[in-house]
Number of protein chains: 2
Amino acid sequence: MTNDWKTLAEAKKKSVDELIPQEWRIPTEIKSNVLGLHETFGILNEKEIAITKNYKVKELLSKIASKELSSVEVATAFSKRAAISTQLTNCCTELLFKEAIERAKWLDDYLEENGQVFGPLHGLPISVKDSHFIKGVDSTVGYVSFIGNKAKITDDAAVVKILRDLGAVIHVKTNVPTTMMTGDSENNIFGRTLNPNNLKLTAGGSSGGEASLVKQRGSLIGIGTDIAGSIRIPSLSCGVYGIRPTAHRFPFEGNQSPTRENALCPISVVSGPIAHDLEDLNFVLDLILNHSNASKYCHDMLPIPWNSKIELPSTIKVGVVLECDSVPIQPPLKRIIKEAVSKLDKNSNFEIIYLKGFPSYKEGWATAFKLFISDPKDESIANIFKSGEPMINSLSKGGMEVYGPPPKIPDEIFELVSKKNEIKNKWIDLFNEHDLDVILAPGAPHTASPHDDFGIAPYTTVWNLVDFPAMVIPFGAVDKEIDQYDDVKIDYCPCTAPSYDKEVYHGGPGHVQLICRTLQDEKLLKIAELTDKVLNKAI
Amino acid sequence: MTNDWKTLAEAKKKSVDELIPQEWRIPTEIKSNVLGLHETFGILNEKEIAITKNYKVKELLSKIASKELSSVEVATAFSKRAAISTQLTNCCTELLFKEAIERAKWLDDYLEENGQVFGPLHGLPISVKDSHFIKGVDSTVGYVSFIGNKAKITDDAAVVKILRDLGAVIHVKTNVPTTMMTGDSENNIFGRTLNPNNLKLTAGGSSGGEASLVKQRGSLIGIGTDIAGSIRIPSLSCGVYGIRPTAHRFPFEGNQSPTRENALCPISVVSGPIAHDLEDLNFVLDLILNHSNASKYCHDMLPIPWNSKIELPSTIKVGVVLECDSVPIQPPLKRIIKEAVSKLDKNSNFEIIYLKGFPSYKEGWATAFKLFISDPKDESIANIFKSGEPMINSLSKGGMEVYGPPPKIPDEIFELVSKKNEIKNKWIDLFNEHDLDVILAPGAPHTASPHDDFGIAPYTTVWNLVDFPAMVIPFGAVDKEIDQYDDVKIDYCPCTAPSYDKEVYHGGPGHVQLICRTLQDEKLLKIAELTDKVLNKAI
């Protein structure tokens with residue numbers, strides 16, 4: 001029986017791989033940076049290269065609406081590019097190419113018959129993390145024991161329904177780590193998602209497949225989930241934009257959980273978009289959150305419309321966290337963050353305030369970690385062993401031995417929630433004290449690490465703990481010529497990545513993380529647009 | 001030692017009573033309806049009668065702003081009326097007459113010197129429930145063991161600070177039951193608050209002092225708190241307007257709790273206004289919630305401005321709960337609710353939909369009750385016995401023997417939170433299914449009951465459990481001539497009031513409760529205005 005899991009997993013993977021048409025297959029195994037290879041295999045024709053490479057979302061949509069491009073052409077192009085991407089980096093789980101092209105055909109017919117588009121996202125291919133339910137499709141989230149669970153999936157996820165109402169086309173689901181609770185997207189069914197910038201580096205997790213696919217333009221926008229950094233970690237690892245909205249602002253209902261939903265944990269898992277381009281991300285977020293059906297499809301959506309017309313103050317006060325002493329960051333990322341702050345400081349729109357006396361990230365992590373595992377009937381680990389499959393590597397390194405066992409009596413949970421509130425209040429005090437508009441901080445103690453070394457996630461989790469919206473903006477990269485020091489003796493925190501090695505980390509994308517107060521998601525996006533211009537678009 | 005509590009309590013009560021000037025004392029003991037008596041004692045002069053009787057808040061404020069009335073005159077008039085009110089019904093705890101008149105003097109000087117008012121509530125006397133902190137003033141919330149706790153109170157409550165920033169004058173704090181967890185406002189320090197409509201009936205609780213005072217126009221607006229109905233129960237018992245806003249929309253920080261704050265309980269206690277007039281309530285709510293300092297004074301305020309410009313649909317769909325079978329309501333209230341629905345039904349602005357299949361109120365109560373007492377270190381009862389004082393009557397009848405002991409292991413709390421979510425989702429489904437704008441329901445199984453018989457509060461608590469904003473509108477009254485039946489054999493729920501007795505309940509105010517979805521507080525207020533017009537203002 002214990003080897004049956006292999007048969008099951010292999011059969012499942014084969015059934016998915018077979019959905020890649022023979023003529024979309026790439027010839028050889030690739031070993032390093034794969035960006036730029038997609039167009040070299042002769043699978044994408046010139047028009048398909050243009051479709052997947054040249055446009056922002058709005059441009060693509062207007063070309064479909066004006067019939068310059070058909071939805072079928074666009075769905076086919078992105079399906080091909082996703083097929084190539086997953087062959088290169090193992091970023092997809094369920095391949096819905098056939099369904100996507102059929103849906104695109106229906107949309108083309110609709111446009112022809114009605115003389116207008118079905119919705120504002122008419123014909124846009126969008127990918128979703130494997131956890132999001134689609135009727136008739138498995139949501140294994142990497143568990144062999146979940147193979148075949150499509151039989152139990154009777155409804156689409158809320159965001160899938162909204163995307164369809166808006167006219168989008170779902171062409172693939174994307175890969176995750178088993179349990180979705182590590183920073184490396186590996187599982188025993190679909191294998192490991194690789195980082196397209198450097199196959200030897202992690203793509204991050206748990207929405208690793210999504211970020212890897214988006215980086216490769218196999219999708220211009222995708223939907224991930226985040227309870228401890230699962231949108232932001234892969235975004236910063238792969239070098240794309242990702243936002244963890246305030247809890248209950250983005251439709252989450254209809255996601256496969258690794259165990260029953262944890263009613264004791266005051267930290268909510270949220271869905272949110274990952275995109276190649278910030279304008280695209282903002283555009284789609286606006287449409288999804290303002291959709292009139294959102295609160296009907298999703299019970300716990302807050303009825304707060306997305307207000308993209310919000311105005312920023314003339315000077316944006318940025319509170320900077322360069323590093324939390326309790327979780328030291330690697331030298332290249334420190335350089336990158338400093339460069340970002342220096343660029344903002346030179347711009348008259350920004351005022352920089354270095355923050356001191358903020359709550360310990362290590363304590364924040366320990367608090368959140370124990371709350372995550374506070375359900376006395378948590379089966380996220382047991383669900384691995386049900387099939388006989390072994391635990392993936394990054395999970396074995398998880399840190400339970402360091403951060404302790406699950407809380408047992410109500411009083412322990414009580415203390416954890418009180419600690420969470422205390423930490424949140426301190427951050428609010430800092431916002432008030434300095435009249436801050438935004439916080440700028442690292443999103444991790446390091447850039448993309450070697451596989452299975454991402455470790456714990458205090459730099460993202462602190463914002464889940466206090467429920468502040470947070471997003472990652474790519475900026476810079478590790479450069480072994482600049483970041484010379486092979487190893488700096490730092491007392492790294494238990495379960496974080498090991499010391500910096502210039503040969504290993506070279507080429508990994510840099511980033512900054514921006515954070516606003518609870519429910520100030522629109523403000524965060526506006527500030528992110530301005531920040532992105534200064535960091536990435538200035539001459 | 002066990003009798004020391006009496007000495008302490010009597011000394012405290014005496015120290016408060018002494019703050020009523022000799023010339024403000026009323027001569028005799030009163031036994032029944034006291035409304036209308038306030039102006040008969042010769043304590044209020046003609047001008048003071050006019051000040052306290054003739055104006056809405058905005059009118060009063062404009063008279064102060066134009067110097068037709070001074071702040072001192074207004075503060076004196078309401079202080080006198082509050083002094084009379086508390087002598088009649090025992091509705092106040094701390095008497096801040098001296099401070100109020102001093103503050104009013106300062107405001108008068110400010111207006112004189114600056115030629116403009118200090119803030120939009122310049123000179124308005126406002127009362128607050130005893131739990132709200134004021135520096136230098138006790139917040140005993142009825143516990144003998146808390147006498148003298150002013151020594152520990154280092155800051156004003158957030159709402160007190162905002163009211164002061166707005167120019168208001170706090171002239172009294174108001175009475176509560178010990179623990180603030182029963183529907184009868186009695187304690188061993190200040191005694192029992194009486195219902196001004198009929199002294200033999202309860203004023204409700206736990207904000208009973210506030211509702212009683214406001215009904216007597218000892219204050220036009222006051223601030224209560226509500227975790228299970230503590231604003232709405234006294235409002236419906238005394239016949240005034242009271243709203244329990246969505247959690248974290250109204251500043252709550254700085255309230256004396258009967259025990260440490262329960263971090264395990266997902267139901268938040270909230271502050272909210274009680275008013276004699278709906279327009280006044282809306283006016284002050286708008287000012288408080290839109291105050292720029294609100295989120296600085298209060299950590300957990302949601303940064304959502306109060307939007308009083310919201311527009312209602314042309315037809316308001318009202319889902320009606322006449323009664324939940326699991327908690328039967330007394331015949332007079334049933335008649336009153338039916339009359340209200342019938343009035344709305346005849347108005348073209350409203351469409352009535354009778355709701356069926358909603359979650360059991362009794363189950364909702366049991367779920368909430370166990371969550372309220374889920375802190376393993378709950379000291380709300382222990383804090384009574386610390387001084388040796390005995391438990392008040394209504395608490396002894398509390399229902400622990402019926403609804404069971406506190407949950408002990410995390411799993412029990414887990415199940416309670418899951419049950420809460422399940423109940424909330426069912427109510428959301430009902431809103432969606434019928435496209436409802438609002439729910440109209442009773443706020444209790446009965447009108448104001450005899451003392452110590454209010455019992456459990458399932459009709460208010462269900463909305464705390466699901467975090468929907470809910471408010472009470474007075475409408476009609478029990479009339480022994482109409483409501484003839486002395487006793488109807490109904491299988492009443494354990495711990496609710498006993499059967500109807502026309503002689504006892506006669507004269508008690510009727511009401512309806514209106515409820516909107518989470519965060520739709522503005523919508524609720526707008527619908528309440530329209531409803532109030534149809535029920536109470538139509539010719």
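Hydrogens, waters and symmetry mates are skipped; everything else that's a heavy atom, side chains included, is used. Throughout, a chain's letter reflects where its sequence line sits, starting with A, and its residues are numbered from 1.
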S.K.: Specify which of Ser295(A), Pro266(A), Ser374(A) makes the most heavy-atom pairs with chain B at under 4.5 Å.
M.R.: Ser295(A)
S.K.: Contact part of Asp435(B) toward chain A, heavy-atom cut-off under 4.5 Å: side chain, backbone, both or neither?
M.R.: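 Side chain only.
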S.K.: Which residues from residues 414-421 of chain A are near chain B, with near meaning under 4.5 Å between non-hydrogen atoms?
M.R.: Phe414(A), Glu415(A), Val417(A), Ser418(A)
S.K.: What option among Glu261(B), Lys296(B), Lys424(B) has the most heavy-atom pairs under 4.5 Å with chain A?
M.R.: Lys296(B)
S.K.: Among residues 299-307 of chain A, which residues come closer than 4.5 Å to chain B, judged by heavy atom distances?
M.R.: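 Near chain B, by residue number: His299(A), Leu302(A), Pro303(A), Ile304(A).
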S.K.: Quick check: are there more than 12 heavy atoms from other residues, nucleotides or ligands sitting under 6.0 Å from CD of Glu433(B)?
M.R.: yes
S.K.: In terms of heavy-atom pairs under 4.5 Å with chain B, which of Leu519(A), Ile413(A), Asp411(A) leads?
M.R.: Asp411(A)
S.K.: Looking only at heavy atoms and a cut-off of under 4.5 Å, which of Thr518(A), Ile428(A), Leu264(A) has the most pairs with chain B?
M.R.: Leu264(A)
